[in-house]
J.: 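Supplied in structure tokens, the structure appears directly below.
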Amino acid sequence: MSDAFTTRVLQVTTGSTETVHDLTRDCEAFLSEVAAGRDGLLNLFVPHATAGVAVLETGAGSDDDLLAALHTLLPADDRWQHRHGIPGHGRDHVLPALVPPHATLPVVGGRLELGTWQSVCLVDTNVDNPDRKVRLSFLG
């Protein structure tokens, strides 16, 4: 594989509760190893039908607000056609239409170019699957 493109898969345990899991430090660590001060793009991809990637402020309540908003938009009840798993699990399969399973972010001088309060997060509402993979790919 050339220096222009490098990829790695992170193993993330999200636990048994709905979560917004901050990946920013993982992204920064990956870039410090592979970007070598270069400009480029960092792509994150979650190969799961029930999780997504979001860029938002964390730690000041926005992560909890996101989960609350998802509960309002996607209630965990029996309205869903997709019915395996726990009651309301069908909503987890709709989540990636609202919180996509990917994000592409700018890298400048080998560093992730985020706004002051922005973080890169894995959004996981599926409490039946606590083990997730996140593919990080740098194109420089």
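None of these values were measured; they are calculated from a predicted model.
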J.: I'd like to know whether Thr58 forms a side chain to side chain donor-acceptor pair (under 3.5 Å) with Asp63, so could you lay out the CA-CA distance, the side-chain angles of the two residues, the decisive distance to 0.1 Å, and finally the verdict.
T.: CA-CA 5 Å; Thr58 59; Asp63 34 0; 5.1 Å; no
J.: Sub-3.5 Å donor-acceptor pair from the side chain of Arg79 to the main-chain atoms of Pro75, do we have one?
T.: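 Side chain of Arg79 to backbone of Pro75: no pair is present.
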J.: Does a donor on one side chain and an acceptor on the other come within less than 3.5 Å for Thr125 and Asp92?
T.: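 Side-chain D/A pair, Thr125 to Asp92: present.
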J.: Strictly distance-based, threshold 3.5 Å: is any side-chain N or O of Thr6 a donor or acceptor partner for the main-chain N or O of Phe138?
T.: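 No.
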J.: Evaluate the side-chain proximity of Leu122 to Thr14: yes if any heavy-atom separation is below 4.5 Å, no if none is.
T.: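 Thr14 reaches Leu122 side chain to side chain.
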J.: Below 4.5 Å, heavy atoms only, C-beta onward: do His102 and Val46 meet side chain to side chain?
T.: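 In short, these two side chains do not touch, never coming nearer than 4.5 Å.
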J.: Under 4.5 Å between any side-chain heavy atoms of Thr50 and Pro96, yes or no?
T.: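 A side-chain contact under 4.5 Å is absent here.
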J.: Does some side-chain heavy atom of Thr7 sit less than 4.5 Å from a side-chain heavy atom of Leu136?
T.: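 Heavy-atom side-chain distance check fails, nothing below 4.5 Å.
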J.: If you define the side chain from C-beta out and look only at heavy atoms, does anything of Val12 sit under 4.5 Å from His21?
T.: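 Val12 vs His21: side chains touch.
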J.: Do the non-hydrogen side-chain atoms of Asp77 and Arg91 ever get within less than 4.5 Å of each other?
T.: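 With C-beta onward as the side chain, the pair stays apart.
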J.: I want to check something: taking the side chain as every heavy atom from C-beta on, are Gln11 and Arg132 in contact at a cut-off of under 4.5 Å?
T.: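 Gln11 vs Arg132: side chains apart.
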J.: Check whether His89 reaches the backbone of Arg83 with its side chain - one donor and one acceptor, N or O, closer than 3.5 Å.
T.: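 The answer is no, because no donor-acceptor pair under 3.5 Å joins these two groups.
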J.: I'd like to check Val53 versus Val123 (side-chain heavy atoms, cut-off strictly below 4.5 Å). Are they in contact?
T.: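 SC-SC contact between Val53 and Val123 ruled out.
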J.: Testing Thr104, Leu10, Val134 for side chain to side chain contact (heavy atoms under 4.5 Å, CB included) with Leu44, which one passes?
T.: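 That would be Val134.
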